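Presented below is the structure to which this report refers.
Below, chain A is the first sequence line, B the second, and so on; all start at residue 1. Just so it is clear, the model here is predicted, and its values are computed rather than measured.
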Amino acid sequence: MKVHVLGGGPAGLYASLLLKQGHPAWEIALHERNPEGATYGWGVVFSDRTLTELREADPMTYREITDAFVLWDAIDIHVKDQLIRCEGHTFAGIARRHLLDILQRRCAALGVGLHFDTAIADPDALRHDADLLIAADGVNSMTRHQHADALRPQTEQGKTRFIWFGTDKVYDAFTFIFKESQYGLFQVHAYPFDATMGTFIVECTEETWQRAGLTETDEAASVAFCEALFVDHLAGRHLYSNRSHWLKFLTLKNARWSHENIVLLGDAAHTAHFSIGSGTKLAMEDAIALATACEQYSDLPTALRVYGLGRKPRVEAIQRAAAESQRYFEHVSRYRHFAPLPFAFNLLTRSGRITYDSLRQRDPYFIGDVERWFQTAARAANSDGYAAQPLVSPPAVFTPLRLRDMTLSNRLAFAPVRDYDAADGLPATRQRERLIAQAHGGAGLVLTEPLAVSAEGRITPGDAGIYRSEHVETWSRIIAEIHGASPAKIALQLNHAGRRGSTRPRSAGVDKPLRDGNWPLLSASAIPYSPANQTPKAMDCADMERIRGAFVAAAKHGAQAGFDLLHLNMANGYLLASFLSPLTNRRADEYGGAPENRLRFPLAVFDAVRAVWPADKPLAVALSATDWAKGGTELADAVIIARSLKEHGCDLIAVHAGQTTIGGQPVYDFEAFAGYSDVIRNEAGIPTLATTYTTTTGQANTLLAAGRADLCLFNPPLW
Amino acid sequence: MEVGVGLPNTLKGATGDLLRTWACTADRGPFRSLGVFDRLVYDSYDALATLAVAAGLTTRIRLATTVMIGPIQNDALLAKAAATVDALSNGRLTLGLALGARKDDYDAAGVAYHSRGRRLSEQLAALRSQWEDERIGPRPAQPGGPELLVGGLNDSAYARAARYADGYIHGGGPPRAFAAAADKARTAWSDAGRPGQPRLWAMGYYALGADEAEAGTRYLLDYYAFTGPFAERIAAGLLITPQAIVQFIRGYAEAGCDHLVLFPTTAHLDQLNRLAEVLG
């Protein structure tokens, strides 16, 4: 068996030595274009799990590597001149130069042919000379370029600029530094790799980079700029460049990792943003996976397939987390206004891999600090009159939230359960029982089903409403029962169905028109919700006047009944939502076209409702963060709408998504929904209710403490 | 959680005699459903026709397509065939529909592959409408028509299940994969304003007995050959011991599954009896 290995980095070297060790008879030749001893880059970081794998794969190099390791278990976050430290994370670092030395010596001892200073112009020629060609030739792999049709590489460029330095500053922690400058925010990712040196990566947005005049700087000037910027932190220590340039991170994926007798390893196969781990760790894990597959299957094509099959999903999971982390750093200035502790918590939980619960295990004191901070902030916002700081605090989810004069005892809003059993808009007994059970069951907030502002505003004839005096009486009895026996508050969800009205109860499907007794529908434009639905009338001024009046009357009824919070529905394709989305609003008058025109009618309704809703009670709006459809509302549009609503006195945005049209590509992903809430909360500066359908309090704690939401819709699967 | 068993309608060597005996035996055993697969370009029996035969031989057990490739069927004819099986079985049909993942099935049926998602949505709406249409009989025995499930792993599948169907059917894998899908199905359901909870179905593969595991693995590698390397992962999930089956059932029950169908991978009647013993 003859094997050619392209590239003398950790992937190529480690794969060579593992294969040679397992199959001494194989002829293995490694080709590296750089001279022996040349290396670029500084240090390499490994986690616990990688170390275990290295030990099992080759105990000899493992011992040498671990002898050279520096170990640490803290993450330091410098922000706003404060240092937040979180412990309990195990890391190990080594100089890249040192690691390569160890691997090269072992390769040579085992009898791998090492050919330095050997540039291979045509890898394809090489593969015809061998049974196997291992392409470990880096992110710009020539082999991959030659076989791009079969391997189908995809790249995506990051939005930030970063530069890689070494430093003689000694670190005892993985260190993040967030530094405000006259040009914008810079962040540093730094970590030790041996007893005297560390890696020091500086990153900023493209705009900041340009403002700082770094577009034309050479290596020396970049060093000087960064040394000056971080002079306080470096305290006399220096930065060192080694082919250091301001780059944009390139994320690489390949549809296939092998083709005929070629297999991709390390950076040639994949890259993942540096903020989450090192490419070296992934590269060496690849080498282990390939060697294991070759040991298990003597048939080469099967071994290569098994390698890709086992390794690819694991790398893709890391790439997903890396992408989340990368997005965080691209938009980190969104969290500039955070106090240092929540800033640190948000940073640590950015990729979804570390949670409130896992941090509590790693560093209970850190979580204790976060909880005390959370309660301190809530107390300040709630102005509850405590003079002293809390010494002990409940988890974030059980910290009260105050909106105007309403205080919720915890941050869980229980998801409504629907049954469509109302008669003439009067809620069925089951609804009453459900709300009371949720209130007694520990909800901070319970939500009614969407209550119609008028009979014509109902989605189905089985919907409850709040447009007759009997409705007010019934609701005031239910509310009295809830308030009498629990601290839970109750929100009135106020809705007009618009073009989704006049349908059958949703027991056998959604948006099915009534068999008979249909009533006429209204919407922003005369476009039916689905081909089966009735075409609505495009509302004229008189319709708008009437509908606004219905909302006002319903809000008054709600106040009279004693609801604690009014929750106005502008989401999911109902009447008010139909004005907001360009997909459903094709009007040519002042209520259509530009975004501010599309917002005009919903905002007028909001203002009218705010005017009659008691000033001491909060008013919330349910808003679609995205239509999930081409040409529809996107997150950036939703932020603008949320800002306007805030200016008009809105206290809370319930962040929904989709259902604007029946088309669209839905995403039922916890992190995605959390992201919508995060962006709206922190860019529009308004409290949010995240509709992630959280099923555990742990998930809710992570969202709340990270500042991605203020309230969570809670929906444990088994009531 | 209810547990059902698959009919070997896609297994090599499954004779008419075997399928009929299988159905009768299962009906008397601890099983709550008989499931069938659907594939056009494969040596297999038609899903609904097989269930129609089973309907005539059984009285108690549910009859389920888990799943049928919806878009390659004509909507009106499928609605009529499903209504017929439901009527003739006294309301025992569960119709699970999905896109299927094989282009060759679409090509053989002469149906465009690229628009299959939209086709399935339209079909789901059309089925319900026809089952309510007084002009087109037979009237399904279940009010509103057979229990309707949607399968698929794309997020659109959860939205389709919530919009048009009675629940979601998962395509297989370890219990934690099902649990993640079930969370999404419930979220979509709640988001769509549906009352109650979605019905959640799932399935698994088993082969019990000394020589069966290898044959079962061969079948799965062949049946899923079109998925490329993924076939090996599916085959690796084959349940080959009573302990593995018990653990699998428990994992699914804990994840909130309502109905789990276990499929044989070799066409031997003893597979049915062995599974019955495990279920007790």
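Inspection of non-hydrogen atoms places B:Y158, B:A159, B:A162, B:R163, B:Y164 of residues 158-165 of chain B under 4.5 Å from chain A.
In the displayed structure, B:R139 atom CZ is contacted under 6.0 Å by at most 12 heavy atoms of other residues, nucleotides or ligands. More than 12 heavy atoms of other residues, nucleotides or ligands lie within 6.0 Å of CD in B:E2, so this atom counts as buried by the packing criterion. Few gaps surround CZ on A:R504; more than 12 heavy atoms of other groups in view lie less than 6.0 Å from it. The number of heavy-atom neighbours closer than 6.0 Å to CD1 of B:I72, taken from other residues, nucleotides and ligands shown, is above 12.
If you tally non-hydrogen atom pairs under 4.5 Å between each of A:F673, A:Y693, A:W628, A:Y420 and chain B, the highest count goes to A:Y693. Of the residues considered (A:D419, A:V667, A:D421, A:T691), A:V667 shows the highest number of contacts with chain B, using heavy-atom pairs under 4.5 Å. Interface summary for chain B: among A:P531, A:G509, A:G308, the most heavy-atom pairs under 4.5 angstrom belong to A:G509.
When side chains are defined from C-beta on, B:P195 does not count as touching A:V417, because their heavy atoms never get closer than 4.5 Å. In this structure, the side chains of B:D191 and A:Q659 come closer than 4.5 Å at one or more pairs of heavy atoms. Residues A:T695 and B:D183 are in side-chain contact: their nearest non-hydrogen atoms beyond the backbone lie under 4.5 Å apart.
In this structure a side-chain-to-backbone donor-acceptor pair under 3.5 Å is present from B:R194 to A:S507. Judged by distance alone, the side chain of B:R128 and the main-chain N or O of A:A508 form a donor-acceptor pair under 3.5 Å.
Taken from CZ in A:R418 to OG in B:S190, the straight-line distance is 8.5 Å, to the nearest 0.5 Å. Taken to the nearest 0.5 Å, the CG atom of B:N154 stands 11.0 Å off from the OH atom of A:Y668. Interatomic distance, CZ of B:R118 versus CD1 of A:I662, reported as 10.5 Å (0.5 Å rounding). To the nearest 0.5 Å, atom NZ of residue B:K184 and atom CZ of residue A:F670 are 12.5 Å apart.
Of the atoms belonging to A:A532, not a single heavy atom falls under 4.5 Å from chain B. Using a 4.5 Å cut-off between heavy atoms, B:E132 contacts chain A through its side chain alone, with no backbone atom that close. With a 4.5 angstrom heavy-atom cutoff, A:P313 touches chain B only via side-chain atoms. In this structure, the portion of A:R500 lying under 4.5 Å from any heavy atom of chain B is its side chain and not its backbone.
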